[in-house]
Amino acid sequence: MENYSKIKEITKSLLQEIGEDPNREGLIKTPARVAKAWDFFSQGYKADIQEIVNDAIFDEDCSEMVVVRDIEFFSMCEHHMIPFFGRCHVGYLPNNKIIGLSKIPRIVDAFSQRLQVQERLTTQVAETLMGILDPKGVGVVMEGRHLCMQMRGVEKQNSLATTSAMLGQFRKSAETRSEFLSIIA
Ligand code: ZN
């Protein structure tokens, strides 16, 4: 990351602004650690979906619902730059094409590792799968805990935000949708 030094500088200023002494022993290496952490938190901006899925799409005569549930995700709320995290459940109805199962969490990571709102993140995962697999339908449900809500005590401490995106058959057919929802329940 070219602007590593810039993030270090900004972090040092932030420490000063909140009333800290950036030169005290415990904080000396903090700007460098923060810069490194943000490099990780923002790596989704550099992710190339084509590259991620590249050799893992297979022709398969399969029309049964495929579900990967309980995918952990960690993201950053774009309103506060504070983490939100939780679980993501992804289902799709293949249309003679399937994707390597391990690629689905990688797609979730690609969109999580940037500043987000959970609603958009959910839709992006669903639309990406729709785009690369052309399946009969896609369903994505995300359940997230938002530290910007929990730490600041604005909302209930244990509140969980649930968002969903249902495309194709998952939107049109109540039966498909309820099959998916019962699998991830
Ligand atoms: Zn927030």
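Both ligands and their constituent atoms are indexed starting at 1 by order of listing. Nothing fancy with the numbering, it's 1 onward along the sequence.
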I'd like to know if the side chain of Q118 pairs up with that of T163 as donor and acceptor (distance under 3.5 Å, no hydrogens or angles considered).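 Note: Q118 and T163 side chains meet the donor-acceptor criterion.
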How are the rings of F74 and F85 set to each other: parallel, tilted or perpendicular (split at 30° and 60°)? parallel
How are the rings of F73 and F84 set to each other: parallel, tilted or perpendicular (split at 30° and 60°)? perpendicular
Is there an N/O/S atom in H146 at a distance below 2.8 Å from the Zn ion (ligand 1)?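 No.
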Give a yes/no answer: is there an N/O/S atom of C77 under 2.8 Å from the Zn ion (ligand 1)?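 True for C77.
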Atom name of the N, O or S atom of H80 nearest to the Zn ion (ligand 1) is ND1
Do M76 and S42 make a side-chain contact, defined as non-hydrogen atoms from C-beta onward lying under 4.5 Å apart?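 Not in contact.
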